[in-house]
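Worksheet for the structure shown next.
Whatever order the structure lists ligands and atoms in, that order sets their numbers, starting from 1.
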Amino acid sequence: MNIQRIEEFRITLDQKKAIQQLFAECFPGYPKGRTYFKQLPNFRYLVFQGELLIAHLAVEHRMIALDQIPYSIFGVVDICVDAQFRKQNIAANLLKQLEELGKDNSIDFIILTASDNQLYLNNGYQIKSNTCRWLFINDHQTLGVKNHHLSEALLVKSLGDKEWSAGIVDFLGTVF
Ligand SMILES: CC(C)(COP(=O)(O)OP(=O)(O)OC[C@H]1O[C@@H](n2cnc3c(N)ncnc32)[C@H](O)[C@@H]1OP(=O)(O)O)[C@@H](O)C(=O)NCCC(=O)NCCS
């Protein structure tokens, strides 16, 4: 198994096609022919078994504001593993690699939103229920700003000594 971390602008056409194919299998209803839901990430982890792409995790590196205090975060997007390779800790391993990268580079938190929390709880994430504000984008159109209470849908892991508070989270961009 070969894990690569690639900046988004370096992703080749063949890699894009492989990501689209994996998304079509893992995320029913994902916009066809796209490798991103709202906006391009900054970098991705791609896991190959031979030539076959079997797992993916995209990351947005961004500032957010929590209770008006700015923090640097990694936002996890579109984590998925080919159905034939699940339950072998591949997703957990990708989260661990991202965590080490974040710790080495003074990132404050890893955050994401999810309806099924199990993978993240297994890996030391905490469930939070903050009110959040984000840029609402649909199909390449900015439609406004959303304010919404995310009840038990926000997953957070602190990578240093910063503590997550119960204040308003301003995503300063789209939601993950
Ligand atoms: C979620 C997913 C990436 C896990 O990959 P994986 O390599 O099998 O994960 P690991 O082996 O590291 O861990 C398995 C754990 O993930 C949990 N899990 C399964 N599907 C999950 C999901 N959709 N969301 C969160 N956790 C999930 C399992 O319950 C399991 O926990 P358990 O061992 O306590 O039962 C994979 O099931 C997948 O690609 N699902 C379809 C895409 C998806 O839903 N992605 C998550 C978007 S938030």
For ligand 1, run through the N/O pairs with the protein that fall under 3.5 Å and put one pair on each line.
unit_1   : atom_1 : unit_2 : atom_2 : d
ligand 1 : 7 (O)  : A91    : N      : 3.1
ligand 1 : 8 (O)  : K87    : N      : 2.7
ligand 1 : 11 (O) : Q88    : N      : 3.4
ligand 1 : 11 (O) : N89    : N      : 2.8
ligand 1 : 12 (O) : A92    : N      : 2.9
ligand 1 : 24 (N) : D116   : O      : 3.4
ligand 1 : 26 (N) : L119   : N      : 3.1
ligand 1 : 31 (O) : N122   : ND2    : 3.2
ligand 1 : 34 (O) : N122   : ND2    : 3.1
ligand 1 : 35 (O) : K87    : NZ     : 3.1
ligand 1 : 39 (O) : V81    : N      : 2.8
ligand 1 : 39 (O) : V81    : O      : 3.4
ligand 1 : 45 (N) : I79    : O      : 2.9

Review point. Do R34 and D139 meet the salt-bridge criterion of a basic N to acidic O distance under 4.0 Å?
Key: yes
Point to revise | Mutual orientation of the aromatic rings belonging to Y30 and F23 [parallel < 30°, tilted 30-60°, perpendicular > 60°] | key: tilted
Point to revise | Heavy-atom neighbours of E152 CD exceed 12 at 6.0 Å | key: no
Point to revise | Within-4.5 Å side-chain heavy-atom neighbours: F85 and V47 | key: no
Review point. Once the angle between the rings of Y45 and F43 is folded into 0 to 90°, is it parallel (under 30°), tilted (30 to 60°) or perpendicular (over 60°)?
Key: perpendicular
Practice item. State plainly whether one hydrophobic cluster holds both I73 and M63, where clusters connect Ile, Leu, Val, Met, Phe, Trp and Tyr through side-chain heavy atoms under 4.5 angstrom apart. Key: no
